Participant: 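Before we start, here is the structure in question, set down as structure tokens.
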Amino acid sequence: MAQIAQVLVDVPTMQTNDPYSYAIPDQLADQLQPGMRVTVPFGHRVVSGVVVGFTTSTQYEGQLKSIRAVLDLAPVLNPELQQLADWLAQTTYAFRITCIQTMLPNLLKASVERQIVPTNELTATERAVYFPDGAARDFDTSKLDTDTVAGLLKLRRAGKVTVTYQVKDKASVKTTPGITTSLAPQQLEDLKQSVATRAPKQAALLTYLQALPDHPVPQAKVAHAAGVSSAVIRGAETKGWLKRTPLEVYRDPFQQPVKPTTPLRLNAEQQAAVDAITTAVTQRQAKNFLVEGVTGSGKTEVYLQSIAVALQQGRSALMLVPEIALTPQMTNRVKARFGQRVAVLHSGLSKGEQYDEWRRIDRGEATVVVGARSAVFAPIQHLGLIIMDEEHESSYKQDENPRYHARDVALWRGKYHDCPVVLGSATPSLETRARAAKGLYTRLVLAHRINDRPLPTVHIIDMRAELKQHQGDDDFSAPLLTAIQDRLDRHEQVVLMLNRRGFSSFMMCRDCGFVLKCPNCDISLTYHVNPRVMKCHYCGHEEAVPTVCPNCRSRKIRYYGTGTQKVETALQKLLPTARILRMDVDSTRRKGAHEKLLNQFGQHDADILLGTQMIAKGLDFPNVTLVGVLNADTALGLPDFRASERTFQLLTQVSGRAGRAEKPGEVYIQTFNPDHYAIQLARTQDYERFFVTEMHMRHQGNYPPYYYAIQLTASHEDESVAAKAMYQILAAVKQGLSDQAIILGPTPKAIARVKRKYYYQVVIKYKHEPHLKAVLDQIRQGSQRAPRGLAVAIDAEPMNFM
DNA sequence: AGCACGCCGACT
DNA sequence: GTCGGCGTGCTC
């Protein structure tokens with residue numbers, strides 16, 4: 001019986017979330033496999049799709065259409081990744097095709113192009129206006145002006161033009177000319193004798209050709225080895241001495257070769273960690289580890305030696321790092337150990353380079369993969385080990401559909417491959433640490449720094465007292481300024497961090513540090529300009545904007561936030577001789593700018609590096625002996641239950657930047673909340689106590705990890721449409737879920753209007769909701785037929801509650 | 001996502 | 001009377 005292909009079409013809707021059936025033309029029958037991309041007729045156009053299986057019968061009553069073309073020679077999704085895509089769609093409430101697109105490199109995303117073709121029905125004037133060059137033209141409504149689009153649509157309705165569709169596959173393989181020769185060595189020798197005296201270059205080429213291997217050799221290599229120019233080679237080609245054939249090459253993102261390194265000697269803790277991971281790797285256990293190592297405890301060396309074990313076992317390894325940590329220094333460290341076997345996947349590569357790295361992995365040529373979030377989908381086979389460094393980083397969660405967390409995907413793949421997953425962090429997320437406490441992960445603690453380097457001394461500066469004493473600059477306390485001046489005198493370097501996160505305005509008293517909070521949620525209230533009120537983004541509570549501090553009656557209660565530029569100017573005024581380097585979103589927008597700034601600082605072209613969060617991660621300059629945090633509180637004030645956790649993580653990390661090598665480090669943290677546990681415990685780098693304290697807070701507030709959370713967001717240009725949609729969703733949620741579920745909202749988002757759209761949200765906290773999936777699917781169905789421009793998003797375990 | 005079908009208001 | 005607005009429903 002004839003086979004029917006099941007195809008997921010590239011149309012992300014609820015109705016097309018299940019595969020459609022297509023007949024398979026005879027000439028495609030023996031090449032078609034699940035996991036291949038195809039083009040199919042769909043309605044009155046052609047779209048791309050992915051074959052997910054074959055059947056012999058179908059429910060569909062109508063006449064089946066046939067697959068148009070196959071886009072791939074081999075499947076782009078292996079069976080594991082096909083299964084993963086389905087699981088991803090289930091758990092993130094995203095469309096299956098959207099998940100598949102996310103898993104594939106950008107170049108494999110086929111695009112559909114429309115063309116508009118004139119017919120004989122057109123009048124001469126119409127032809128002159130719309131088809132000046134007489135031929136068909138591209139019909140991209142976003143690129144043409146509205147009048148032209150309207151005109152062309154009108155002509156189509158009149159049947160005077162037709163529209164054609166073309167699916168364009170962007171996947172392109174780069175080639176270079178490859179040299180082969182069909183002449184025998186003796187023939188070449190004869191030729192050489194005949195030209196030897198007058199054409200030494202040709203003779204040299206002929207000598208080289210005599211020793212040419214059977215397979216094609218890149219022309220550049222031939223030219224270099226024989227010492228001839230490409231003109232000589234082209235000349236030889238016309239004489240029939242050699243043939244040039246296209247040779248597939250990889251766009252090589254590794255420019256310069258890296259000096260190889262050998263494994264470093266491990267201390268007892270590191271060795272114990274490597275041993276535990278080794279056992280799991282060699283026994284092929286899907287066992288998960290949490291490597292909890294203070295900054296400077298040598299986690300990376302543990303990762304590298306564990307990867308080496310997997311490779312020895314003939315398996316491959318995946319190492320995930322946050323995008324921001326994916327610097328050449330970082331990747332070079334891996335390449336130095338594993339050389340050619342390493343593939344790097346990240347957004348800094350061109351589309352072509354990404355595709356080539358992906359193919360090297362797919363073909364098993366690269367067995368160590370280093371990359372950011374989306375690298376978790378790399379088509380690696382025989383996985384022996386997955387490592388996720390800085391596991392607590394929120395960038396592992398994608399904030400568009402599918403809203404997946406790379407950690408969950410890593411754990412899924414570990415299970416699939418029976419291989420261990422190692423999560424590493426100095427400050428693990430509460431979720432992860434709690435799971436370790438429950439025994440789901442094995443904890444491997446690295447409590448000692450390499451060579452027992454001391455931790456930096458951390459000073460907490462009470463900015464309330466500071467501001468009382470010296471009027472003038474808000475941003476710099478006297479002790480911090482003195483410390484900076486001291487480093488300048490000693491020709492040492494300083495890192496200053498300005499916490500820009502949550503520039504969103506909350507009210508804080510400059511005299512006592514009091515932050516206005518919601519009486520119901522214990523979350524800071526957010527200042528709204530229009531209407532002028534304080535609002536809680538969790539429960540919707542509203543109150544008037546205070547003019548005096550409810551705590552100390554001071555009038556100095558105002559909203560809080562400052563910018564790097566302003567701080568730079570102020571600092572330059574205070575310290576005219578200091579050379580300051582500013583690093584923020586603005587100064588690093590250009591590609592490579594980030595790198596360049598860090599290199600400058602590394603060469604001591606500047607004394608002070610002033611930046612936002614981005615300087616907290618992984619940079620390591622031995623000459624930095626002072627780290628200052630200008631405003632530790634901004635993140636604390638955010639209306640998010642993870643505010644304390646983020647603050648603790650950030651302060652702990654940035655403190656780790658001070659004092660490397662022989663020079664001891666010092667850290668100054670300026671804060672209006674010197675007694676807050678997140679700040680106090682960051683001072684002593686006491687993660688365990690922070691974990692216990694914060695878990696208690698989460699328990700009190702019914703927050704994760706004690707509860708699961710789902711965030712539903714509706715957005716629309718018209719605020720009332722978004723709000724109305726959210727109230728309808730709320731009704732559906734309330735009706736479908738048990739009264740055990742805690743439903744917060746609807747509330748406007750902290751930043752109520754982004755890109756001309758208003759956002760409203762509802763958060764569901766729950767422990768056990770068997771109907772949840774059904775309720776959310778019902779909401780998804782409902783949002784199909786929503787007013788134009790309304791977007792409803794479902795985010796399981798959201799990272800941003802604002 | 002597109003696109004057709006179909007039902008209402010403002011124009012040649 | 002028709003043109004064109006966009007709400008609704010379908011695509012194997």
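Sequence lines set the chain letters: A, B, ... in the order given, protein chains first and strands last, and positions in each chain run from 1. Treat the numbers as computed from the prediction; the structure is a model and nothing was measured.
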Participant: With a cut-off of 3.5 Å and sequence neighbours excluded, list every side-chain donor-acceptor pair involving residues 25-40 of chain A.
Facilitator:
residue : atom : partner : partner atom : Å
A/R37   : NE   : A/D72   : OD1          : 3.2
A/R37   : NE   : A/D72   : OD2          : 3.0
A/R37   : NH1  : A/L108  : O            : 2.7
A/R37   : NH1  : A/D169  : OD1          : 3.2
A/R37   : NH2  : A/D72   : OD1          : 2.8
A/R37   : NH2  : A/D169  : OD1          : 3.4
A/R37   : NH2  : A/D169  : OD2          : 3.0
A/T39   : OG1  : A/A69   : N            : 3.3

Participant: Walk along DNA chain C from 5' to 3' and tell me the first and last nucleotide with an atom closer than 4.0 Å to a non-hydrogen atom of chain A.
Facilitator: C/dG4 to C/dC12

Participant: Going by salt bridge (charged side-chain N to carboxylate O under 4.0 Å, His left out), name the residues that satisfy it together with A/K773, two or more places apart in sequence or in a different chain.
Facilitator: A/D777

Participant: Tell me which pairs pass ring-ring contact (aromatic ring centres under 6.0 Å, His included) where either residue lies in residues 6-50 of chain A, with sequence neighbours left out.
Facilitator: A/Y20-A/F42

Participant: Can you tell me if A/E769 and A/S738 form a side-chain donor-acceptor pair at under 3.5 Å?
Facilitator: yes

Participant: Does anyone know the first and last nucleotide of DNA chain B in reach of chain A, 5' to 3', at under 4.0 angstrom to a heavy atom?
Facilitator: B/dA1 to B/dA4

Participant: Who pairs with A/K397 by salt bridge (charged side-chain N to carboxylate O under 4.0 Å, His left out), at least two apart in sequence or on another chain?
Facilitator: A/D795

Participant: Using a 4.0 Å cut-off on heavy atoms, which residues in residues 7-39 of chain A reach DNA chain C? List them by number, or say none.
Facilitator: A/Q15, A/Y20, A/S21, A/Y22

Participant: Mind checking what makes ring-ring contact (aromatic ring centres under 6.0 Å, His included) contact with A/F95, not counting sequence neighbours?
Facilitator: none

Participant: Show me the pairs that pass ring-ring contact (aromatic ring centres under 6.0 Å, His included) and involve residues 727-746 of chain A, at least two apart or across chains.
Facilitator: none

Participant: Under the salt bridge (charged side-chain N to carboxylate O under 4.0 Å, His left out) test, which residues partner A/K765, sequence neighbours left out?
Facilitator: none

Participant: Can you name the residues that form a side chain to side chain contact (heavy atoms under 4.5 Å, CB included) with A/A732, not counting sequence neighbours?
Facilitator: A/Q778, A/I779

Participant: Does anything in residues 87-100 of chain A pair up under side chain to side chain donor-acceptor pair (under 3.5 Å), and if so which pairs, sequence neighbours excluded?
Facilitator: A/D86-A/R96

